[in-house]
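Some notes on the structure that comes next.
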Amino acid sequence: MLRAIIEEVLLFVLPFCVFAGYLIVQRRNPFDVAHWSRHAFWLAVAGLLLAISVLTYTGFIAPRSEGAYEPPHMENGVLVPGRFK
């Protein structure tokens with residue numbers, strides 16, 4: 001779960017980092033608000049689309065277990081964890 005949250009944040013921030021790199025290459029100050037004001041909305045949209053598309057893609061290619069799920073239960077006084085049969 002933590003890995004998914006970190007991936008989402010990194011994917012969302014990626015367009016902003018690329019744009020900051022572009023500003024540095026153009027010899028502009030990346031900390032100047034005037035350079036960011038027109039582009040912030042579209043950078044946020046690009047970050048959201050990137051994060052959503054990668055998470056959707058990952059959901060489609062994730063390995064799936066075959067068989068029925070057996071929930072956790074007690075057997076002879078011992079807790080048996082849930083598993084796929």
Side-chain angles (χ1 to χ4, degrees):
M1 181 69 178
L2 180 62
R3 187 184 84 188
I5 292 171
I6 291 173
E7 287 176 1
E8 285 182 40
V9 170
L10 291 178
L11 287 170
F12 177 75
V13 172
L14 183 64
F16 293 94
C17 294
V18 170
F19 186 69
Y22 169 75
L23 290 176
I24 291 171
V25 168
Q26 294 294 318
R27 298 185 186 268
R28 296 180 186 168
N29 184 4
F31 298 109
D32 188 8
V33 178
H35 298 304
W36 291 89
S37 61
R38 293 185 322 175
H39 305 286
F41 173 75
W42 292 110
L43 291 170
V45 169
L48 286 172
L49 289 176
L50 183 64
I52 290 169
S53 62
V54 168
L55 291 174
T56 302
Y57 175 74
T58 304
F60 282 126
I61 66 165
R64 302 210 188 331
S65 298
E66 297 291 327
Y69 177 72
E70 181 181 314
H73 61 281
M74 296 293 288
E75 253 181 45
N76 299 326
V78 177
L79 180 65
V80 178
R83 62 182 178 193
F84 287 94
K85 284 186 177 181

Residue pairs passing the salt bridge (Lys or Arg N to Asp or Glu O under 4.0 Å) test where at least one lies in residues 44-62, sequence neighbours excluded: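 The answer is none; no pair qualifies.
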Would you list the pairs meeting salt bridge (Lys or Arg N to Asp or Glu O under 4.0 Å) in which at least one residue belongs to residues 11-30, sequence neighbours left out?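 Applying salt bridge (Lys or Arg N to Asp or Glu O under 4.0 Å) to every pair that reaches into residues 11-30, excluding sequence neighbours, yields nothing.
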Which ILVMFWY residues are connected to [X], directly or by a chain of links, through side-chain heavy atoms under 4.5 Å apart?
X     : answer
Phe60 : none
Phe84 : Tyr69
Val25 : none

What donor-acceptor contacts under 3.5 angstrom involve side-chain atoms of residues 49-58, with partners at least two apart or in another chain?
from  : atom 1 : to    : atom 2 : distance (Å)
Ser53 : OG     : Leu49 : O      : 2.9
Ser53 : OG     : Leu50 : O      : 3.0
Thr56 : OG1    : Ile52 : O      : 2.7
Thr58 : OG1    : Val54 : O      : 2.8

Which residues pass the side-chain contact (heavy atoms from CB on, under 4.5 Å) test with Phe19, sequence neighbours left out?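 Expected list: Tyr22, Leu23, Trp36, His39, Leu43.
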Qualifying residues under side-chain contact (heavy atoms from CB on, under 4.5 Å), relative to Ala44, sequence neighbours excluded: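 Residues passing side-chain contact (heavy atoms from CB on, under 4.5 Å) with Ala44: Phe12, Phe16.
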Could you give the side-chain donor-acceptor pairs of residues 72-81 under 3.5 Å, partners two or more places apart or in another chain?
from  : atom 1 : to    : atom 2 : distance (Å)
His73 : ND1    : Glu70 : OE2    : 3.4
His73 : ND1    : Pro71 : O      : 3.1
His73 : NE2    : Glu70 : OE2    : 3.4
His73 : NE2    : Glu75 : OE2    : 2.9

